[in-house]
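I have placed the structure first, in the form of structure tokens, so that the comments after it can refer back to it.
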There are 2 protein chains.
Amino acid sequence: MHRKVEIPRTWKFLTLALAIAATNGLALAQDVPKKPAPADIQKHKTSPGERYQPSLDVLKEQAVEQPGTKPGVPALSADEFKKANQIYFERCAGCHGVLRKGATGKALTPDLTTKLGFEYLRDFITYGSPAGMPNWGSSGELKQDEIELMAKYLLNQPAQPPEFGLPEIKASWKVLAPVDKRPTKKMNDLDADGLFSVTLRDTGEIALVDGASKKIVSVIKTGYAVHISRLSASGRYLFAIGRDGKITLIDLWMATPAPVAEIKVGSEARSVETSKFKGFEDRYAIAGSYWPPQYVIMDGATLEPMKVVSTRGMTVDTQEYHPEPRVASIVASHYNPEFVVNIKETGQILLVNYQDVKNLKVTTIEAERFLHDGGFDKSGRYFLVAANARHKIAIVDTKEGKLVKIVESGGQTPHPGRGANFIHPKFGPVWATSHLGDETISFIGTDPEKNKEHAWKVVQKVKGQGGGSLFIKTHPKSKHIYVDTPLNPEAEISSSVAVFAIADLTQDKPKYKVLPIGEWSGIAQGQRRVVQGEYNKDGDEIWFSIWNSKSQESALVIVDDKTLQLKSVIKDPRLVTPTGKFNVYNTRKDIY
Amino acid sequence: MHRKVEIPRTWKFLTLALAIAATNGLALAQDVPKKPAPADIQKHKTSPGERYQPSLDVLKEQAVEQPGTKPGVPALSADEFKKANQIYFERCAGCHGVLRKGATGKALTPDLTTKLGFEYLRDFITYGSPAGMPNWGSSGELKQDEIELMAKYLLNQPAQPPEFGLPEIKASWKVLAPVDKRPTKKMNDLDADGLFSVTLRDTGEIALVDGASKKIVSVIKTGYAVHISRLSASGRYLFAIGRDGKITLIDLWMATPAPVAEIKVGSEARSVETSKFKGFEDRYAIAGSYWPPQYVIMDGATLEPMKVVSTRGMTVDTQEYHPEPRVASIVASHYNPEFVVNIKETGQILLVNYQDVKNLKVTTIEAERFLHDGGFDKSGRYFLVAANARHKIAIVDTKEGKLVKIVESGGQTPHPGRGANFIHPKFGPVWATSHLGDETISFIGTDPEKNKEHAWKVVQKVKGQGGGSLFIKTHPKSKHIYVDTPLNPEAEISSSVAVFAIADLTQDKPKYKVLPIGEWSGIAQGQRRVVQGEYNKDGDEIWFSIWNSKSQESALVIVDDKTLQLKSVIKDPRLVTPTGKFNVYNTRKDIY
């Protein structure tokens, strides 16, 4: 069963680019624009652009400087540029990136747009594509002259995106149900801890799925392409953050769980977390943005923004100023009243102490550039985070507030998600990561007390199906480790997962079993990428997403963890582009 | 003796502008450019531009974007702009400001330069002025074509100044005497604690003056217009920082005290301090820059730069991003291993804990915008800092790391320097500030233990000679308070100081005595501004600077604190433009 894929150069480059763009949920461009066809035109009524419409007042006063123009590029007047800019940041930036470098949508830098030309851009904006580009013209969202303006705008150099400080954040803040109007006890019979929050990436929604019945409890409008869901310490509140920076706060105590507050923290964001330290349960929330580079501390029950802190600063190695250090993953410490905030471009790990927000204490730990995703070790004391483009893992002691070590991950571009913790039969407690850039799966010893000789070393590397892995998963009760490979270019590999038996890791080259989960789903069409295993509360079944494109059927496939047999397939027309799934219990307790 | 000056509107505006430009030393534009005359041409051989010549490699690779051009403005090619920019940041920015908004030199923004015109600018750069502008052309420092380029450059919009990160800082770092080559004991007979470090503003030097003999021990080349001198906790090392960001570290143990290391921390800077907490004496130094907005932690014995931290971030009130939050005053805590770093534009007070520089802990205290200069209370526990343009004083408890209170200063634009502490006959321990914008002198109660009812309130306001005060001074052994008014437009007021008897403060409107210090100096020419009283170690005499322009005679005047009589006048041809003075003992012990 041992397979190795020869990775072409372009693919290596792609994985690197993706890795840099992605964070610890799903962050990958799946867009393959097609020629617009009449049949597609009416499909996109619910466009991502509709999800959040910031008050025009917020944006119109923001000074955005027009870059210099070049010969041959359509000239825009200052007013036209301003208008196009406003449309861009309201409608386009969420997918195409604030700097037009691409994200879920394609890059739109002039080197690319000038090759496509004015007419192509105009028509594409007008009719959209089945891959997810909304039909802004035929849907009536934008007028003909606005579309032509945008096509011209895209041929020009991108502008510096506008700032989004407290005034803009506050203007976007809505309390849909004030605290005193909310239930005082749980008003439904759901096993809240059994729920899964499933990102429906391209519709800008999450589906809450009941763990026992496997039924969809509710589909809730959120920001676009929800990156992660997080649970408050009590398990009552669920926070979902879209890539467009919109946070939706959902009260699981309501008869039917529904949003009680929402806010937009920036033009582009990835991470949200809530305070978990004893005495601060459910008290605060924090969200980190890609643009502007900053984080926001909010009230945990209302999302009221309290404090905005910029992350612009010096890179950890050369100590030079970086204008755009994006906030990657955030976790809540169990050992101190702190959030662990990972700053990508500077490589600094911030321990943000929320005990006194007006006299905010932040420990800046020198780590490694390109921090991305990570998770705690089994004890919850140590936090391990990938410096993906540096192929390293930085380890922080959240009790002492210090860097423990930076280790080579052993493969190319580690992408652990939150990683996977288990007791290795030879090396004791380890934390595991797979890789985007190759087939390596690495185990790092995490027990400096009883297994000191193995601690903070890659104690073993094993080979999986191939590169393109996003998530590795196990559970304290499981004897298995699951490794997905949704971004592998081979269809068979991307639609299946590799499973290792923990007991087999005593071998030098342990074998793995391949579960053909895409096939099990019964879906025939599409690439059937299989992504992100997530355990149920009891740890006896693991759920995978079958992630097809928006116009194709998708599903959730549930595997019996003991037998490795198919247990159940969830299909529903509402399950459009499911990707990340977050079981309430495991997420709030950091079990992974 | 009670005088009040009606302050004209323009003067009020000027004081405000000066206040914003100045920090707790002397930061005031005295330049009154004159038509160049042949006699002046050879005087400027030692020009400020010579003091620090950064490696061309450092600057030439820095990308500085050329702003858009306007009709009628001389066009520069990209290469010309780059070259002019390099010359500007090497030669001109130290005085004229990185954004050309003026500092010790005049503002050079296009609204002003276009009125002067190309020929005027060219000739002024060529011949200089007696007020301090170097004769770049006639001295041979710049060639004719470079001068013409610079005149054109000045007619264009200013460019964003280059960054100055660790690579640039490190490139400027010079250890003139390594630690192991320095004396192991004091090699001179000087009473080091009795020394005064006197800023010779326009020559880019400091004079070390012996407190007992009143003789100049040494004149040392430093950065331009040294803003402050600070002493290491042991008293061995003296740090002088120029407005051009150059720090000179002087070893007072050498046979003749001399520089042992130097470094440039930015294009423009104001503050330097050294670690004073028990166990960390002489260990670290810190310097804050105006541009780039950042601070640098250095080794205390060598100035080796260890860590650069940006201060760009959110304003304290509106929480909006500010691109240029300059570092104003810095003091070293006696209660924690911390530096207190005051960020002007954002109004945040940073407690920078230097216990673990690699895992740097910083407490950001929300205070008030436009933080400037300040000092400790008598106990050394509380730090009081002026938010000058907001007419307020922010008070921080450095033991607890929290804001205590923000109080109205009671006057217009407080400028305390480090302030003055004494026991008020009615209100107990108070800290005092005078004002730039009016004649108010305010006393704030600082004893929350035994005088709780007066603590953190303006307990009394008295009236001095007028606005334009920079420094207020007393000493624990003194019965007097001295208030200078060097920036008052009335010559008589600017060349004298007001003295209050502390015992008289029981009165509602206490009278003050005027000491005609300018007159006492025996100097007839110039405006004879009297500035910055500084006590000797024993606290029985107070020294003032007579600050004339560069081509005029200046002096130091020493007053007997008991009798308020003239004690001594120090004149020396080397005493050119003396301004701030720092007695070694009082500075290292924070006695003021």
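A, B, ... follow the sequence lines: proteins, then strands. Residue 1 opens every chain.
- For A/K361, there are no salt bridge (charged side-chain N to carboxylate O under 4.0 Å, His left out) partners, not counting sequence neighbours.
- Atom CG of residue A/L166 and atom CE of residue B/M314 lie 7.5 Å apart, to the nearest 0.5 angstrom.
- Taking the side chain as every heavy atom from C-beta outward, A/R312 and B/S310 never approach each other to under 4.5 Å.
- Ranked by heavy-atom pairs under 4.5 Å with chain B, the first of A/V309, A/T311, A/T318 is A/T318.
- B/K307 touches chain A through backbone and side chain together, each having a heavy atom under 4.5 Å away.
- In this structure, the side chains of B/Q294 and A/Y321 stay at 4.5 Å or more apart for every pair of heavy atoms.
- B/V357 touches chain A through its backbone: at least one of N, CA, C or O sits under 4.5 Å from a heavy atom, while the side chain does not.
- Only the side chain of A/D356 comes within contact range of chain B, judged by heavy atoms closer than 4.5 Å.
- Heavy atoms of A/V308 lying under 4.5 Å from chain B belong to its backbone as well as its side chain.
- Not one N or O on the side chain of B/Q319 forms a donor-acceptor pair closer than 3.5 Å with the backbone of A/P305.
- B/T363 and A/N359 make their closest contact through CG2-O, 3.5 Å (heavy atoms, listed as atom of the first residue, atom of the second, distance).
- Looking at residues two or more places apart in sequence or on another chain, you find a side chain to side chain donor-acceptor pair (under 3.5 Å) between B/T109 and B/D111.
- Looking only at heavy-atom pairs under 4.5 Å with chain A, the residue among B/I365, B/L403, B/L360 that has the most is B/L360.
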